[in-house]
Amino acid sequence: MAAAKAYRCFRDRRVTKIYLALVRGHVSVNRMMIDRAIGKNTTEGMTHMMCTEGTQGCQNPKPSLTEMTALERGFYSGDPVTKVLLQPLTGRTHQLRVHCSSVGHPIVGDFTYSMKTDSSPYRMMLHAHHLQIPVEGELIEVTTADPFTHLLDSNLELGSCVNSLHDIIKGLKDKCVTERCDRNSILGVQAEKIHEEKASEETEEEREKCLQWLTEWATN
């Protein structure tokens, strides 16, 4: 039953997914909405990649939205980087990697979307940081530690904070709680009872899809 409820949150796009990343260069704006459709790359030798609409060989592009928020600007091994918060508002394959690259700020260590040039970092600097699943009766939250600090990686030197990660996460949580309260008050007790009855009719397919989406969040 729990898996079925979680699955429906994913299906109805009510799940909040937050990633942290280090991107190349100093992002000039503090917030931006990246609105670029993403499709399959059919160019020979690049069929394992995705691409944005308008690029050569981009097939069947679908609407894709990512909100990027600059957190700190600094340097990684002497090269300019920006620590950003990424919130995908759609769920396309490789969406965050493609969108960052498309605005001129590829993710540090992304060997594929740097056209095999960014190979020196020990990992790709993209990290699943926060997940909210607003199932009825409880807000499920998962938060992981921030790996992009000088204490954990001596190659990283960041400057003063542009936007507070803590305040952003808190704001998202407050908004989620408010929306759930508003929805519950509108539905009423009878509607909630009907919803609970339907939620109990979970299927094996729903459980599998829930696990699939949780895996995609963690690995992207």
Side-chain angles (χ1 to χ4, degrees), residues 1-21 33-40 48-50 59-69 84-100 107 124 126-147 165-220:
M1 185 185 296
K5 288 182 177 181
Y7 157 74
R8 290 174 183 128
C9 289
F10 279 98
R11 181 195 63 191
D12 298 338
R13 296 185 178 181
R14 293 191 288 117
V15 173
T16 299
K17 294 172 281 186
I18 298 295
Y19 296 79
L20 296 177
M33 184 66 73
I34 306 174
D35 183 0
R36 301 190 179 190
I38 293 176
K40 180 70 176 177
H48 60 295
M49 300 170 64
M50 306 299 286
Q59 184 181 75
N60 193 29
K62 297 180 180 179
S64 306
L65 283 172
T66 299
E67 184 173 358
M68 175 189 285
T69 303
V84 297
L85 179 149
L86 299 170
Q87 183 177 1
L89 304 180
T90 52
R92 309 301 176 204
T93 301
H94 295 179
Q95 176 174 319
L96 301 181
R97 300 166 66 185
V98 174
H99 270 172
C100 288
I107 295 172
M124 180 169 64
L126 176 64
H127 177 72
H129 177 63
H130 186 77
L131 179 72
Q132 291 180 357
I133 309 177
V135 296
E136 273 68 22
E138 181 179 3
L139 173 62
I140 296 176
E141 290 187 287
V142 179
T143 302
T144 62
D146 176 2
L165 176 60
H166 176 269
D167 290 346
I168 293 172
I169 297 297
K170 183 178 183 301
L172 290 170
K173 178 179 179 179
D174 292 343
K175 179 182 177 183
C176 184
V177 171
T178 300
E179 289 177 348
R180 287 171 65 243
C181 290
D182 291 345
R183 187 176 71 255
N184 289 343
S185 63
I186 293 172
L187 287 173
V189 176
Q190 186 60 35
E192 279 295 299
K193 289 177 64 177
I194 294 173
H195 184 85
E196 288 295 326
E197 291 172 1
K198 289 183 178 180
S200 66
E201 301 169 2
E202 80 281 6
T203 66
E204 184 66 29
E205 181 182 6
E206 288 177 331
R207 287 194 291 272
E208 290 178 356
K209 285 184 177 179
C210 176
L211 291 173
Q212 176 187 345
W213 281 335
L214 286 171
T215 302
E216 288 176 354
W217 169 76
T219 60
N220 198 50

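- Across Phe10 and Val15, no two heavy atoms sit closer than the pair N-CG2, 3.7 Å.
- The residue from Arg36, Gln87, Arg92, His99 that alone fulfils the side chain to side chain donor-acceptor pair (under 3.5 Å) condition with Thr66 is His99.
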Between Ile168 and Ile18, does a side chain to side chain contact (heavy atoms under 4.5 Å, CB included) hold up when you go through it step by step? CA-CA 10 Å; Ile168 293 172; Ile18 298 295; 5.7 Å; no

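- Minimum interatomic distance between Ala37 and Pro61 (heavy atoms only, all atoms of both residues): CB-CB, 3.9 Å.
- Once rounded to the nearest 0.5 Å, the distance linking NE2 of His166 with CG of Asp146 reads 13.5 Å.
- Listed by chain and residue number, nothing satisfies the salt bridge (charged side-chain N to carboxylate O under 4.0 Å, His left out) test with Asp35 (two or more places apart in sequence, or in another chain).
- Contact detail for Ala128 and Tyr19: the closest heavy-atom pair is CA-CD2, 3.7 Å.
- Looking at His129, its side chain does come within 3.5 Å of a backbone N or O of Thr144 through a donor-acceptor pair.
- Residues Ile38 and Thr90 are not in side-chain contact: their nearest non-hydrogen atoms beyond the backbone lie 4.5 Å or more apart.
- Between Thr143 atom OG1 and Ile169 atom CD1 the span is 6.5 Å, to the nearest 0.5 Å.
- The closest donor-acceptor contact from the side chain of His130 to the backbone of Glu141 lies at 3.5 Å or more, if one exists at all.
- Between the SG atom in Cys100 and the CD1 atom in Ile34 there is a gap of 5.5 Å [rounded to 0.5 Å].
- Atom CG of residue Leu96 and atom CG of residue Leu86 lie 5.0 Å apart, to the nearest 0.5 angstrom.
- Nearest approach of Met124 to Arg97, heavy atoms of both residues: SD-NE, 3.5 Å.
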Kindly indicate, with the supporting measurements, whether the criterion side chain to side chain contact (heavy atoms under 4.5 Å, CB included) is fulfilled by Met33 and Leu65. CA-CA 7 Å; Met33 184 66 73; Leu65 283 172; 4.0 Å; yes

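- Note that CZ of Arg8 and NZ of Lys5 are 9.0 Å apart. Values are rounded to the nearest 0.5 Å.
- Interatomic distance, CG of Leu139 versus CD of Gln132, reported as 5.0 Å (0.5 Å rounding).
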